[in-house]
Structures are given as structure tokens and as C-alpha cells.
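I have placed the structure first, in the form of C-alpha cells, so that the comments after it can refer back to it.
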Amino acid sequence: MQYPYLQEISTSRQVIQQFGGYNHNLRISDGEFYDMKNLTSDYYPIAATRPPRGTYASPEKASGLIAKDSLCYVDGSQFVINEYRVEMGLSDTPKTMVSMGAYVIIFPDKKYINTENFDDYGDIEAFTVVPDGAELDLCRINGEKYTDVIKSSTQPEDPKNMDLWIDTSSSPNVLKQFSESSGMWVTIATTYVKISSPGIGEKFGQHDGVTISGMPDDLSDFNGNFVIWEKTDDYIVITGMLAESKTLDRAITIGRRMPNMDFVIESGNRLWGCRYGLDLNNEIVNEIYASKLGDFKNWACYMGISTDSYTVSVGSDGQFTGAITHLGYPLFFKETCLHKIYGTMPSNYQVQTTACRGVQKGSSKSLAIVNEVLYYKAPLAVCAYDGSLPREISGPLGEVYYTHAVAGGHGNKYFISMSDSDGVYSLFVYDAAKGMWHKEDDSKVKEFCVCREKLYYIDSDGKIKYLSGNDNETIQWSLETGILGTDSPDQKYLSKITLRLSMEPGSNIYVYAQYDSDNNWRPVASISVKALRSFTLPIRPRRCDHLRLKLEGTGQMKLFSIAKTTENGSDVCD
């Protein structure tokens with residue numbers, strides 16, 4: 001008797017034990033995830049949920065962060081350090097804060113505070129209106145007035161050694177001094193004028209660069225930028241030439257001004273800034289500035305020495321979009337280029353312009369340094385810059401167009417929060433050491449700051465939080481695979497999928513499947529965990545051409561492997 005022969009169905013099994021992170025493209029590798037929420041690379045090659053976050057403070061209106069000996073922030077009009085509050089009368093605007101020595105400089109308010117002496121704070125700019133009656137006298141650099149000065153258009157007869165003569169035959173007039181050894185009148189190259197009025201010098205310091213305005217027409221040469229060479233509360237000494245003493249019949253204004261700047265950074269004990277647009281005089285500029293060495297208050301101090309302020313115009317078109325100090329060099333970005341400053345002092349500063357992908361407009365806060373590499377959001381990519389040329393690292397983010405990026409660097413990771421074209425925010429993390437992306441959640445971050453080995457940020461509710469906190473945060477997580485079952489041209493199908501994972505007590509997991517790209521997620525398995533253990537979750541999908549899996553859950557989770565069992569089907573398509 002003959003019995004029918006049943007041919008055994010050929011099966012194969014593939015186990016995925018290495019998970020490579022987020023990859024939002026149509027074709028991705030086994031172990032990568034098309035979408036995810038709240039996963040981390042900390043346990044690579046295991047897929048795991050991120051650590052819980054903590055809350056540092058809940059200010060009424062946080063608008064800026066900076067790291068000193070402890071975290072500092074602005075809350076409304078106050079500056080806060082170690083929960084000590086200093087009322088500075090700050091404006092209700094987003095803040096940029098720059099550290100320079102013990103000082104914190106706050107923009108756009110143009111204010112400063114000494115974090116070692118909280119009583120030392122105030123305005124960078126200073127202005128004094130000098131009432132009529134101010135006196136102008138020719139003087140020495142120390143403020144001593146000249147006496148017995150001869151004024152004529154011809155040389156005085158029978159001069160004595162050190163006699164002074166104002167030569168009125170030339171315009172402008174020239175001050176000369178007689179040298180008995182040479183028998184000649186020698187021109188004094190630099191002359192000084194003393195402006196005297198009660199309180200005129202109270203707000204200024206020696207060698208401050210100031211702007212004077214309001215002088216009458218016959219003294220118009222004294223309108224402009226000057227250096228205060230000597231001062232007391234009641235007089236200042238500036239460069240200039242005066243044939244005779246004058247008493248003003250009008251008020252004048254003396255001010256120490258700071259340029260309008262789009263972005264400000266610190267480098268080499270100077271503040272640096274850039275401006276594309278109207279300057280203080282309502283003139284269109286395209287300039288880069290540097291303050292006086294070690295003095296953030298002075299931006300127009302030109303004494304011909306190495307500590308001078310610095311200004312340079314650049315020829316690139318378009319607005320500045322960001323600035324940062326990288327490897328000791330100030331960098332100023334536009335969307336299509338970057339300007340790098342070389343040199344050690346104004347006499348040898350050079351601006352090198354590199355045409356490349358710059359910082360996206362509106363993403364100036366995406367600039368962050370991780371392991372000496374600068375990362376930032378370019379118009380169509382996230383780029384890494386090591387000092388040569390930028391390279392793109394955002395291929396796994398897919399074809400989604402992101403804007404308004406804010407980023408921070410911590411350890412080996414680059415955290416970036418940005419909005420898609422629908423206004424939906426996502427917080428991504430790039431692990432520079434492992435070269436992989438992960439997606440955390442929909443946090444809209446206003447600013448990041450690293451302080452004492454923790455990464456802090458201001459969230460959309462104005463709370464100041466930190467990553468890797470110790471709070472008992474219940475984490476909601478999810479992960480979505482790419483398309484499974486398209487890796488072979490033969491008629492095969494997935495007959496079984498086995499997940500090996502562990503979860504903490506009290507957590508839940510739900511598994512969904514989407515068959516043949518029909519956009520419907522169908523529940524296929526679920527489990528609640530009562531004790532800390534690892535377990536195997538077998539899934540038997542229905543027969544289909546291809547499928548996706550989505551896992552959702554709460555609590556801490558670690559996914560160790562995904563095993564796929566494949567069976568050969570008929571050569572005839574369904």
C-alpha cells in the first residue's frame with residue numbers, strides 16, 4: 001500500500017541582537033527602527049528606554065541659562081544663582097548670556113553681573129548729558145593745563161627752552177615746543193583737551209572709548225569717538241587741538257556705547273559679535289566686532305595697541321545666523337558660509353570665509369560642541385564640523401524638513417530639539433561615539449546648558465529640567481520596525497516572531513502589527529509585568545507579503561533580541 005508523501009516545509013530563523021537606533025527611511029537595516037519614542041543608546045547593542053529626567057526649578061518666567069560655579073538663569077527681571085536672586089530690571093525678552101571671567105553679560109539688555117560679587121552689576125553702556133557751561137582747555141595727558149602759550153602765525157622771537165607756541169598759520173593749528181639743543185621749534189604730535197564739568201567723568205573709566213555729540217559748529221572736530229586718557233569725576237581728557245579755551249553755551253552728550261549685535265560670544269578674553277542691518281547710527285552694516293581685551297564695556301577704544309577694540313566689514317551677503325567659539329577661534333555663520341577669525345590682536349586679525357553649509361536661519365541655538373566636533377542645524381541637514389569642512393550626519397532622520405533647532409552637547413551625545421513642517425517638535429539624540437540617532441519625545445526645548453556634568457534645559461512650560469535625573473518619572477515608550485519580509489524575492493512569509501526583553505515591575509507592553517502597508521495597527525500581544533524578570537513574547541502574525549511591528553509600553557524596558565522565523569510558500573502569488 002502506498003501512502004502520500006508530504007514534503008516538509010522549509011523554514012529559516014534569523015535573530016537580531018544588535019539594534020542600531022532611529023532610521024526614518026523607507027529601506028532600513030535589521031535592528032534599526034523607523035520610529036521610536038524615549039529610547040537611548042546607553043545600553044547598545046540592546047535597545048532600551050532612556051533614563052528618567054529630573055526637575056531643577058520651576059521659575060515664573062525662565063528666559064536664559066548659563067553655567068558658572070552652579071547653574072544660573074534669568075527669571076523675569078531677576079538673575080538667579082544658587083537660588084539667590086538679584087533684581088536687575090531685565091526686560092521681558094529671550095536672553096543670551098555670555099560668560100567672561102567671573103562676569104555674566106546679558107543680551108539684549110546689555111547688562112552685566114559679577115558672580116563673585118553680586119553687588120557688582122549694571123549697564124554696559126553709560127551716558128552723561130553735560131549741561132552748558134562746560135570748559136575746554138588745551139592740556140597735557142595728565143590733565144594739567146598749559147600756561148604761557150604763545151599764539152601767533154609767525155615764530156616768536158628770542159624763544160627759551162621748552163617754550164610753547166600755537167602756530168596759527170596752518171589749519172588745523174599746531175602746538176610746538178622750542179628745543180634749545182637743536183635751536184628748532186618741534187611739533188608736539190599728540191595734543192590733549194580737558195573738558196571740565198561737575199560729574200562729567202563719574203560713569204566712565206580711564207581709557208574708555210566714548211562718543212561725544214552736540215558740540216557747536218566751531219568745535220565740530222570734537223564730535224565723534226574718543227579715548228578718555230585721564231579722568232576724575234569732574235573732568236575728562238581726550239585727544240584734540242584747541243587754539244584757545246572755550247566755554248560751551250549748550251549741552252553735550254558723552255556715551256560709552258555697545259554696537260547692536262545679532263549674536264555675541266567670548267573668545268580670547270574678548271567679547272565678539274556680528275551685525276547685519278542697522279547700526280547705532282541707523283546705517284546698514286555687515287560687520288564683525290571685538291571688545292577691548294579683558295573689557296566687555298569698551299567697543300570703540302582705539303589707542304594703537306594690542307588691547308584695542310576691533311571692527312571689520314565682511315563681503316558675504318545675507319544675515320548672520322549663528323556664532324560660537326570652536327577650538328579657540330571665533331566662528332560667525334550665515335546660511336551659505338562661515339567666517340573664521342585668525343590672529344591674536346587687532347593688528348594681525350584675519351577673516352577667512354569658507355563657502356559651505358552654514359547654520360539655518362532661526363537655528364542659532366543648534367550650535368553645540370561634542371568631543372571637539374561642532375554640530376549644528378544647516379538648512380537641509382544636521383552637520384558636523386571639525387575645523388575643515390562640514391559633513392552631513394542626519395541621513396537617518398529621513399526626508400522630514402526641520403526648523404527652529406535648539407541643541408546641547410553632553411558627554412558623547414548631541415541633543416537637538418526641532419520642529420517639522422507641521423509645527424510638531426521632536427527631541428533627537430545623536431551618539432557621536434556610536435554614530436547612531438535615537439528619538440526621545442516631543443519636547444520643545446528653549447535652551448540647553450551643561451553644568452556640573454548635567455545637561456539642563458528649559459522646556460515649553462518654562463520649567464528647568466535635567467537629563468538623567470533621579471525622579472520617579474514613568475516613561476512611555478514605543479518603537480516601530482521597518483518593513484519586515486521584503487529581504488527575499490522568493491514567496492516566503494513570516495510565521496513567527498519572538499521578542500526577548502526585560503521590564504521593570506508594574507510596567508506594561510502592547511504589540512501591534514500592520515500588514516501589507518494598510519495603515520491599520522492591529523493588537524497581537526500584550527503583557528503586564530509584576531516582577532522584575534526577562535521573558536520571551538512569541539507573536540504569530542497572519543500570512544502576508546510584508547508587515548511592520550510596533551511596541552508600546554510604560555516603564556523601563558530592555559529589548560535583547562528579535563527572532564524571525566520564515567517559511568517558504570508557493571511560487572504562485574496570492
query = Do Cys383 and Tyr385 come close enough that some side-chain heavy atom pair is under 4.5 Å?
reply = no
query = Would you call Arg256 and Glu125 a salt bridge, taking side-chain N to carboxylate O under 4.0 Å as the test?
reply = no
Steps toward ring pair (Phe, Tyr, Trp, His ring centres under 6.0 Å) verdict (Tyr466, Tyr457) = CA-CA 6 Å; Tyr466 53 91; Tyr457 69 96; 9.2 Å; no
inquiry  = Whether Asp459 and Lys446 form a salt bridge (side-chain N of Lys/Arg under 4.0 Å from carboxylate O of Asp/Glu) is what I want to check.
reply    = no
request  = Could you tell me whether Phe19 and Phe33 have their ring centroids closer than 6.0 angstrom?
outcome  = yes
ask   = Taking the side chain as C-beta and beyond, is there a heavy-atom pair between Asn225 and Val210 under 4.5 Å?
value = no
message = For a quick check under 3.5 Å, do Glu116 and Tyr103 share a side-chain donor-acceptor pair by atom type?
response = no
key: Donor-acceptor pair between Ser77 and Glu87 side chains, under 3.5 angstrom   = yes
query = Are Lys297 and Asp208 close enough for a salt bridge, meaning some N to O gap below 4.0 Å?
reply = no
Test of ring centre spacing under 6.0 Å for Tyr376 and Phe333 = yes
message = Within 45 degrees of the ring normal and closer than 6.0 Å to the centroid, is that where the cationic atom of Lys37 sits relative to Trp477?
response = no
ask   = Do Asp441 and Arg53 meet the salt-bridge criterion of a basic N to acidic O distance under 4.0 Å?
value = yes
key: Donor-acceptor contact present, side-chain Asn286 to main-chain Asp317, <3.5 Å   = no
ask   = Can Thr311 and Glu287 be counted as having a side-chain donor-acceptor contact under 3.5 angstrom?
value = no
message = Could you check whether Lys95 pairs with Glu447 (Lys NZ or Arg NE/NH1/NH2 to Asp/Glu carboxylate O, under 4.0 Å)?
response = no
message = Whether Arg50 and Glu473 form a salt bridge (side-chain N of Lys/Arg under 4.0 Å from carboxylate O of Asp/Glu) is what I want to check.
response = yes
message = With a 6.0 Å cut-off on the ring centroids, do Tyr349 and Tyr310 count as close?
response = yes
query = Would you say the side chain of Phe296 lies within less than 4.5 Å of the side chain of Ile124, judging by non-hydrogen atoms?
reply = yes
